[in-house]
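We count residues from 1, following the sequence as given.
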Amino acid sequence: MMFSDDELDRYARHIVLPQVGGVGQQRLKAANIAIVGAGGIGAAVIPALVGAGVGRLTIIDGDTVDLSNLQRQSIYRTDDVGVPKAALAANFVAQRNPHVAVTPVA
């Protein structure tokens, strides 16, 4: 599995780490992860997975953003109140890293 120039730039600091390296980054790129719940824990783990370069995320959440969520769910904004979390989280992923495929499930 080859990396584009953008991916090489994006993941350069992972690739030079002996604990990750090129092989580890390829494994991350090949990974498929399902996240059940885009709330308190899911909203915290999504940015980390997207930044690491996981290849595919499926985000499963049937809830909408509530004002009381915003203090701990930093991927959402005040304007997102009432909007389905799975769709918003998928949009966050797409904007943060175009190399991560994402599927929202409400």
Side-chain angles (χ1 to χ4, degrees):
M1 184 177 310
M2 300 296 295
F3 296 114
S4 68
D5 288 343
D6 182 65
E7 288 173 301
L8 287 172
D9 287 343
R10 184 180 293 266
Y11 309 130
R13 294 184 190 243
H14 281 172
I15 293 169
V16 299
L17 287 173
Q19 300 89 339
V20 179
V23 172
Q25 194 63 47
Q26 286 176 334
R27 288 181 180 156
L28 284 168
K29 183 176 179 174
N32 294 297
I33 296 177
I35 299 169
V36 180
I41 295 172
V45 77
I46 289 168
L49 293 171
V50 171
V54 167
R56 172 171 286 283
L57 288 178
T58 301
I59 300 171
I60 305 162
D61 197 314
D63 198 7
T64 59
V65 175
D66 187 87
L67 188 60
S68 66
N69 299 147
L70 297 179
Q71 89 284 359
R72 67 185 191 288
Q73 297 175 13
S74 60
I75 66 172
Y76 308 117
R77 303 168 313 160
T78 302
D79 292 346
D80 296 333
V81 170
V83 180
K85 289 180 185 179
L88 288 169
N91 186 53
F92 173 88
V93 171
Q95 289 181 0
R96 181 64 57 99
N97 189 340
H99 304 289
V100 176
V102 61
T103 302
V105 178

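Proximity of R13 to L17: side-chain heavy atoms (C-beta onward) are nowhere separated by under 4.5 Å. A heavy-atom distance below 4.5 Å is not found between the side chains of E7 and P98. Annotation: side chain of M2 is not in contact with side chain of Q26 (no heavy-atom distance under 4.5 Å). Side chains of H99 and F3 form no contact here, defined as non-hydrogen atoms less than 4.5 Å apart. In this structure, T58 and V105 have side chains that are in contact, with non-hydrogen atoms separated by less than 4.5 Å.
Atom CD in Q73 sits 10.5 Å away from atom CD1 in I41 (nearest 0.5 Å). Separation of atoms CD1 (I15) and CD (Q25) is listed at 5.5 Å; rounding is to 0.5 Å.
Members clustered with V23: none, using a 4.5 Å side-chain heavy-atom cutoff among hydrophobic residues. Counting side-chain heavy-atom gaps under 4.5 Å among Ile, Leu, Val, Met, Phe, Trp and Tyr, the cluster of V100 also holds L28, I33, I35, V45, I46, L49, V50, V54, L57, I59, V65, L67, L70, I75, Y76, V81, V83, L88, F92, V93, V102.
Applying the side-chain contact (heavy atoms from CB on, under 4.5 Å) test to D66 and every residue at least two apart in sequence or in another chain returns S68, N69.
Across every non-hydrogen atom of V20 and H14, the tightest pair is CB-O, 3.3 Å.
With hydrogens and angles ignored, the 3.5 Å screen pairs no side-chain donor or acceptor of D9 with any backbone N or O of D6.
Within a 6.0 Å sphere centred on CZ of R27, other residues, nucleotides and ligands contribute 12 heavy atoms or fewer.
When only modelled atom types and interatomic distance are considered, N97 and Y11 share a side-chain donor-acceptor pair under 3.5 Å. R10 and S4 share no side-chain donor-acceptor pair at under 3.5 Å.
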